[in-house]
Amino acid sequence: MARILITSAIPYINGIKHLGNLVGSQLPADLYARYARARGHEVLFLCATDEHGTPAELAAAKAGMPVADYCAEMWQVQKRLSDGFRLSFDHFGRSSSPQNHRLTQHFAGRLADNGLIEERSERQVYSNADGRFLPDRYIEGTCPNCGYDRARGDQCENCTKQLDPTDLIEPRSAISGSTDLEVRETKHLYLLQSRLRDDLRDWIDRQEGWPVLTTSIARKWLDDGDGLQDRGITRDLDWGVPVRRGDRDWPGMEGKVFYVWFDAPIEYIACAGEWADAQELSQSDWERWWRTDKGAENVRYVQFMGKDNVPFHTLSFPATLLGSGEPWKLVDYIKSFNYLTYDGGQFSTSQGRGIFMDQALELLPADYWRWWLLSHAPETSDSAFTWEAFQAGVNKDLADVLGNFVSRVTKFCRSRFGEVVPEGGEETPEDAALIAEISQKVAAYQDHMDAIQVRKAAAELRGIWVAGNEYLQAAAPWAAFKSDPARAAAIVRLSLNLVALYAGLSRPFIPDAAEAMAEAMGVAPEWPEDVAAALHRLPPGAAFRTPDNLFRKVADDERDAWQARFSGGAA
RNA sequence: GGGCCUGUAGCUCAAUUGGUUAGAGCAGAGCGCUCAUAACGCUUUGGUUGGGGGUUCGAGUCCCUCCGGGCCUACCA
């Protein structure tokens, strides 16, 4: 029994996320959270929307809404979709929460008190037409290197040369197209991460077993060029956490907000506060997860994220926590993921290419997506979504191997013995061998889940399902029924127990089907800490219900129709 | 340009970190079963581990080089 704090990278607010986003953070985090709870650990699983920054302001403007209203509405949308995918967050918060405002300002104050924040003057491009400063990538113009006329202020996408906005020929606002731009002087706060470089490196070096993806990105940032760079943590925007030094004003910083990447990770902590408030708990109830002086010293903290998020979670956020000088809990394990590609290219929000969470749930129930995405999680390299593979995977694994097993067992029993767990018959060495095999496979499954090896865990779970079919085929209760009905009863009894066992084991991956299996067997979907005992769990004579088929198959023509529909262009 | 990751059967992936004959699933072929969603089970075809060179008793694994794919490169998040 341990205490495990789990956070998923918080999804940005400006629209519905696609399946690539989902499989890179929220879905594996949910898998692990569900597993940890099933094993009896105390879990706090948190996620939230990431609401600040320029893209949120622009998306709200495009929707013709005040940004606060837009975010509130999009939070509702994302919450509903999270529920649809059965993401079991203990709380789904918002980075715009009052709790996060206070905490972000608190951290800034602590960092300033510790000499880790510096005010710097810099020159940035201001658009008079848009009435705002423009981040580099929101400035377009002609590339001085290759002549491409839609180069961005940070980099030319055509020749990949890195640019400064002032390098562009005929620069214009990417938002309005206006060329009425000027360079203005503005002051910003910088977090002096460079001073924490050695502390951060020591901390990274102490970690064992982190994915190569995680540590290599962290080391690259620590050692690249002049080493870890200081980072501006404020912006000239309206929407965000107002810059304050703790609970005091910050002279010279009026009208500015903290940079979204400064306040977003802090929301992991603030979200625990939101959770406590929502549950009518006290401050100490969330602090025991986050403060090592208040109970968090024995918490294991695991983060899930896509690879693009790694620098902020390995460096910036730890710098914030370490630099505060306060005993905040640092992450113990960072599980990072590569990208899921769609039919050979990138999922693209702007081009409407790929499948988005709302669309996915219109096509098929959550379990189909959860199973396929998790069993193909991009752990070692980018992995590809194709409709052919998706169809083959869900049809074979879910409908044929698992669904059909439940169907053949329950329907055979119903037709020969009725809808009750049959009594009588001796347990044979064949049965004992199955129990031993399942026990061994469950141990392997648990090892993979403990190590957060998602694909290996999925493969092992599938193997456990397959073992049921192998057993049934070899034991052949339909043959035994004619010569030795008692033996057939024993085989069927064990097989029905397998269905109940599968419910508990499968629940982290496919929670709805697991519930259906458990309900049919008249039990709760519990984790089999003792497999042998679990396989004798159903009392002879107990009633069960033959469930509807757990999974339908994806037909070739609907696969083709979906492929055509989601080929892109139709945003 | 620099850095990181990656390349294994037609496809998707393993391979206990240098150790026997490189393994699974899917797809293909054959057989079996008839309880079941034409499902299940058994058997089986299929590999010069991207090419070349090197180190080693031994290389998918380490080194060099070439070729291909991907990502990151710090003011998008």
Side-chain angles (χ1 to χ4, degrees), chain A residues 9-14 50-56 58 122 124-125 133-139 152-155 160-162 164-165 174 188 193 211-213 215-217 219-221 223-225 228-232 234-236 259-261 264 306-312 315-316 338-339 341 344 346 375-376 378-384 386 388-389 392-393 395-401 403-416 453 455-456 458-459 462-463 466 468-479 481 488 491-492 495 548-553:
Chain A
I10 63 178
Y12 199 65
I13 195 70
N14 68 338
D50 178 15
E51 305 193 358
H52 299 137
T54 306
L58 297 180
E122 56 193 42
Q124 284 201 324
V125 174
F133 283 94
L134 297 178
D136 290 356
R137 69 158 43 195
Y138 284 100
I139 303 162
R152 290 194 321 216
D154 55 343
Q155 185 174 32
T160 73
K161 183 178 175 61
Q162 290 191 51
D164 190 87
H188 282 299
Q193 301 184 127
V212 177
L213 190 64
T215 51
S216 65
I217 291 173
R219 291 210 172 85
K220 156 83 168 161
W221 281 54
D223 298 325
D224 194 39
L228 186 61
Q229 300 296 297
D230 297 331
R231 184 175 270 277
T234 56
R235 291 292 182 275
D236 290 296
Y259 175 41
V260 56
W261 260 118
K307 57 185 167 186
D308 51 332
N309 275 320
V310 168
F312 302 98
L315 303 168
S316 305
N338 288 280
Y339 294 143
T341 62
Q346 294 275 10
S375 61
H376 294 78
E379 289 177 296
T380 51
S381 63
D382 290 354
S383 68
T386 65
E388 291 80 4
N395 284 358
K396 194 69 192 174
D397 299 344
L398 296 181
D400 294 347
V401 174
N404 183 55
F405 176 78
V406 173
S407 178
R408 66 195 297 207
V409 168
T410 52
K411 286 173 184 170
F412 179 78
C413 184
R414 180 174 63 183
S415 71
R416 300 298 196 276
Q453 292 286 339
R455 283 182 314 200
K456 288 180 181 175
R462 185 189 191 281
V466 167
N469 282 310
E470 291 172 349
Y471 167 76
L472 209 57
Q473 198 66 34
W478 46 89
F481 186 78
I491 295 166
V492 169
S495 300
D548 296 334
N549 285 343
L550 293 177
F551 302 99
R552 73 175 185 88
K553 294 205 194 192

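Here is how names work: the chains are called A, B, and so on, in the same order as the sequence lines, proteins then strands, and each is numbered from 1. Since this is a predicted model, take the numbers as computed values, not measurements.
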Item checked: Nucleotide of B:rU37, B:rA77, B:rA74 approaching A:Y12 most closely (side-chain heavy atoms) -> B:rA77

Margin query: With the criterion set at under 5.5 Å between ring centres and under 30 degrees between planes, would B:rC35 be stacked on A:F412?
Written below: no

Checklist line | Glycosidic class, syn or anti, of B:rU6 using a 90° window around 0 | finding: anti

Next item on the list: Take A:D397 and A:K553, find for each the nucleotide of RNA chain B with the closest heavy atom, and name the residue whose nucleotide sits nearer the 5' end.
Entry: A:D397

Checklist line | Strand partner of B:rG32, provided both Watson-Crick or wobble distances fall under 3.5 Å | finding: B:rC40

Check: When you measure from the side chain of A:R462, which nucleotide among B:rU34, B:rG25, B:rC72 comes out closest?
Finding: B:rG25

Margin query: Under 4.0 Å, heavy atoms only, any strand: does A:P477 hit a base, just the sugar-phosphate, or nothing?
Written below: nothing

Margin query: With rounding to the closest Å, how many angstrom separate the P atoms on B:rU16 and B:rA74?
Written below: 36 Å

Item checked: Paired nucleotide for B:rA77 [Watson-Crick or G-U wobble; both distances under 3.5 Å] -> none

Next item on the list: For A:R235 and A:Q124, test the side chains for any donor-to-acceptor distance below 3.5 angstrom and give the result as yes or no.
Entry: no

Notebook entry, point to check: Taking a pair as Watson-Crick or G-U wobble with both distances under 3.5 Å, which nucleotide is matched to B:rG23?
Noted result: B:rC13

Next item on the list: Would you classify A:R416 as touching base, sugar-phosphate or nothing, given that sugar-phosphate means primed atoms plus P, OP1 and OP2, and contacts are heavy atoms under 4.0 Å?
Entry: sugar-phosphate

Check: According to the Watson-Crick and G-U wobble definitions, with both distances under 3.5 Å, which nucleotide is paired to B:rG7?
Finding: B:rC67

Notebook entry, point to check: Where each residue is assigned the nucleotide of RNA chain B containing its nearest heavy atom, which of A:N549 and A:A476 is assigned the position nearer the 5′ end?
Noted result: A:A476

Check: Looking across every strand, which nucleic acid part, if any, lies under 4.0 Å from A:T410 by heavy atom: base, sugar-phosphate, or nothing?
Finding: nothing

